[in-house]
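Worth knowing before you read on, the calculation uses all heavy atoms, side chains too, and leaves out hydrogens, waters and symmetry mates. We number each residue from 1, following the sequence as shown.
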Amino acid sequence: MNFVFVSLQRINTDRESTSTNLARELARQNHNVLYVNSPVNRKDYFFTPESPFVAAHLHAIKSKATPLQELAPHLWVLYPTQPLDSFNWVPFTKLFLWLIKFNNQRFGHEIQKATQDLGFDEFILVNDKDIFRSFYLKEILRPRHYVYMDRDYTVGAPYWLRHGPSLEPALMRKADAVVCNSLDFTKRAQVYNPHSFYIGNGFDVAQFNISHSAPVPEDLKSIPEPRIGYVGALITLRLDLNLLIEIARARPTWSFVLIGAEDDAFAQSTLHHLPNVFFLGYKHTREVPAYLLHFDVCINPQVLNDFTRSNFPLKILEYLALGKPVVATETNTMNEVFADHTYLATGATEYLVQIEKALAENTSALAQERVAYAEKFSWEHIAKLFITHLQTL
C-alpha cells in the first residue's frame with residue numbers, strides 16, 4: 001500500500017509520536033510512505049523560530065534544497081516550500097474556512113507533486129490531528145481512503161478553541177475511517193463516524209528492553225533508594241503538582257526522582273525545597289531506559305482534566321517493558337487496558353498505599369509478566385492492526 005501522512009508532528013525531531021512511529025513501521029513492513037513535515041508559517045520568515053527543526057526547514061527552503069528526501073527504504077519526507085498564513089485570529093468559522101482553503105490548496109499541490117514524483121497512483125491519506133491545514137486535503141488530493149487519527153485532546157488547547165471543536169467532528173464525519181489510540185477517544189469518534197477503530201498505542205520494544213544492562217547514571221548514583229521515579233514533561237496541565245508535594249512530604253525516606261523539562265509552576269514549586277525530591281532535568285529518549293532500570297517504582301501522577309482523562313499514556317508501556325512496578329492515577333484507559341499490571345490510585349492517600357504495595361510485592365516473576373504484557377503493544381503489532389482495519393473499508 002502507499003501512504004501519505006500529514007501531522008502536527010515533524011518526523012525529524014527529538015520527539016516521536018503515534019504518526020511518526022506508525023509511518024516508520026509501515027515502511028519497515030514494505031509499504032511505501034510519504035511523511036509530510038509541517039509547513040512553515042509566513043511569520044517564521046521574519047522572526048527567528050524557537051524550534052531548531054523549524055529553523056532547519058527554513059534553511060532548506062532558502063538554500064533551495066530538494067524538498068523530497070528519502071529517509072529509509074520505502075520512507076520519504078517532504079519539506080513543503082510554500083509558507084502558510086495564519087488565519088486563526090478570524091472570529092467567524094465560516095470566514096475562517098474560506099480563508100484556510102487557500103492554505104490547503106498550496107499545501108495540497110505540493111503533496112500532489114511529491115506523490116506524482118514517487119509514482120503513487122493511489123494512496124491512503126492519514127491525517128494526524130492537522131485540523132486546519134489539512135481540512136480540505138481529501139477533496140484536493142482525492143486519496144483512495146482518507147483516515148483521521150485521534151490520539152490526543154488537541155481541541156482543548158487555547159490555539160484550537162475558536163474553530164477546532166466544530167471542525168474536528170466535521171473531519172471525522174468525512175473520513176473513511178477514524179483510528180484512535182484510546183478506548184475513550186474511540187467512543188467519542190463513533191458518535192461522528194461508525195468506522196472508528198481502536199488501535200492502541202505503541203512503543204520501541206528494542207529500546208525499552210529489560211535484557212539491556214546499564215550502569216546507574218552518574219546523577220542518580222548518590223540518590224538513596226527506594227527511588228520513586230517519573231519521566232516526562234513536568235507540566236501542571238498534565239501532572240498533579242499538589243499530589244506530588246503531599247506524597248513527598250509524607251514519605252521523607254523515599255527519594256522522588258523527576259526527569260523532564262519543567263513549566264513555571266513546577267520550577268517555582270515547593271518540591272524544589274524538599275530534600276527527598278530530585279530534579280534531573282530533560283533527558284533524551286535514548287538515555288531514559290538507564291534511569292528507569294534503576295527506579296524502584298515508576299509513577300504517573302496525572303491530574304484529571306479534559307487533556308488527560310481519556311489519553312493513553314505511552315510512558316506506562318515503557319515502564320512495564322522494563323519490568324517496573326507502576327503506580328498511576330486511575331482513569332478509564334488505565335482501568336480498561338492496564339489494571340491487571342499496575343497499581344491504580346486516586347489522591348495522595350491511595351498513592352502512598354499503592355507505592356508501599358508496589359515496593360513490597362515486587363518479584364522477578366511479576367516483572368516478567370509486565371514485560372510480556374508490554375510487548376503486545378509493539379509498533380509492529382499496532383501497524384498490523386491498523387492495516388487490518390483498513391482492509392475492512
Side-chain angles (χ1 to χ4, degrees), residues 14-15 152-153 156-158 216-285 287-309 311 313-320 322 324-331 334 338 342-360 362:
D14 57 354
R15 291 179 58 223
D152 203 359
Y153 185 69
V216 183
E218 285 299 320
D219 54 355
L220 194 61
K221 278 183 179 178
S222 61
I223 297 176
E225 296 180 287
R227 302 181 185 117
I228 315 303
Y230 170 86
V231 177
L234 297 167
I235 56 176
T236 51
L237 179 66
R238 295 186 179 273
L239 293 186
D240 193 331
L241 177 57
N242 291 329
L243 184 150
L244 280 168
I245 293 170
E246 194 171 343
I247 63 176
R249 280 176 167 163
R251 293 295 184 274
T253 60
W254 294 353
S255 297
F256 292 85
V257 183
L258 305 177
I259 295 176
E262 302 174 69
D263 68 5
D264 290 342
F266 263 88
Q268 298 166 17
S269 76
T270 302
L271 287 173
H272 280 273
H273 303 289
L274 299 180
N276 61 328
V277 178
F278 304 86
F279 288 84
L280 301 189
Y282 170 81
K283 306 295 179 185
H284 193 282
T285 307
E287 302 175 87
V288 168
Y291 287 87
L292 296 184
L293 282 168
H294 298 285
F295 288 166
D296 296 288
V297 173
C298 294
I299 59 174
N300 190 34
Q302 288 189 156
V303 64
L304 292 178
N305 57 34
D306 288 340
F307 291 95
T308 64
R309 195 172 284 109
N311 75 334
L314 177 58
K315 67 179 83 285
I316 302 297
L317 292 176
E318 296 169 349
Y319 293 164
L320 294 176
L322 291 170
K324 293 298 164 180
V326 177
V327 179
T329 300
E330 184 174 9
T331 64
M334 291 304 301
F338 295 110
T342 60
Y343 299 84
L344 303 184
T346 301
T349 300
E350 287 186 17
Y351 255 89
L352 293 170
V353 170
Q354 297 291 49
I355 292 172
E356 286 172 348
K357 283 185 67 177
L359 288 168
N362 195 27

With a 3.5 Å distance limit and no angle check, can you tell me whether [X] reaches the backbone of [Y] through a side-chain donor-acceptor pair?
X	Y	result
Asp306	Tyr153	no
Gln354	Leu344	yes
Glu350	Gly347	no

Salt-bridge present (Glu218, Lys221; N to O < 4.0 Å): yes
About how many Å separate [atom2] of [Y] and [atom1] of [X], when rounded to the nearest 0.5 Å?
X	Y	atom1	atom2	result
Ser255	Ile223	OG	CD1	6.5 Å
Glu246	Leu352	CD	CG	7.5 Å
His273	Gln268	NE2	CD	9.5 Å
Leu220	Ile259	CG	CD1	7.0 Å
Lys324	Asp296	NZ	CG	6.5 Å
Leu244	Thr270	CG	OG1	11.5 Å

For [X] against [Y], the heavy-atom pair lying closest together:
X	Y	answer
Leu234	Gly260	CD1-O, 3.4 Å
Tyr351	Ala328	OH-C, 3.2 Å
Ala265	Leu241	O-CD2, 3.9 Å
Pro313	Gln302	CB-OE1, 4.2 Å
Ala358	Val297	CB-CG2, 3.9 Å
Ala248	Val277	CB-CG2, 3.7 Å

Compare all side-chain heavy atoms of [X] with those of [Y] and state whether any distance is below 4.5 angstrom.
X	Y	result
Leu271	Glu262	no
Glu287	Pro217	no
Tyr230	Leu239	yes
Arg249	Leu274	yes
Ile247	Ile228	no
Leu304	Arg309	yes
Val326	Asn300	no
Tyr343	Val353	no

Once you measure the plane-to-plane angle for Phe266 and Phe279, does it fall in the parallel (<30°), tilted (30-60°) or perpendicular (>60°) bin? perpendicular
Derivation of the side chain to side chain contact (heavy atoms under 4.5 Å, CB included) call for Arg251 and Ile355: CA-CA 11 Å; Arg251 293 295 184 274; Ile355 292 172; over 6 Å; no
Does Leu322 form a side chain to side chain contact (heavy atoms under 4.5 Å, CB included) with Tyr291? I'd like the steps, not just the answer. CA-CA 11 Å; Leu322 291 170; Tyr291 287 87; over 6 Å; no
Around Lys357, counting heavy atoms of other residues, nucleotides and ligands shown, do more than 12 lie under 6.0 Å from its NZ?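 Counting neighbours around NZ of Lys357, 12 or fewer heavy atoms of other residues, nucleotides or ligands fall under 6.0 Å, so no.
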After noting the C-alpha distance and the side-chain angles of Trp254 and Leu359, does the key distance pass the side chain to side chain contact (heavy atoms under 4.5 Å, CB included) rule? CA-CA 11 Å; Trp254 294 353; Leu359 288 168; 4.1 Å; yes
Test side chain to side chain contact (heavy atoms under 4.5 Å, CB included) applied to His294 and Val257, step by step: CA-CA 11 Å; His294 298 285; Val257 183; over 6 Å; no
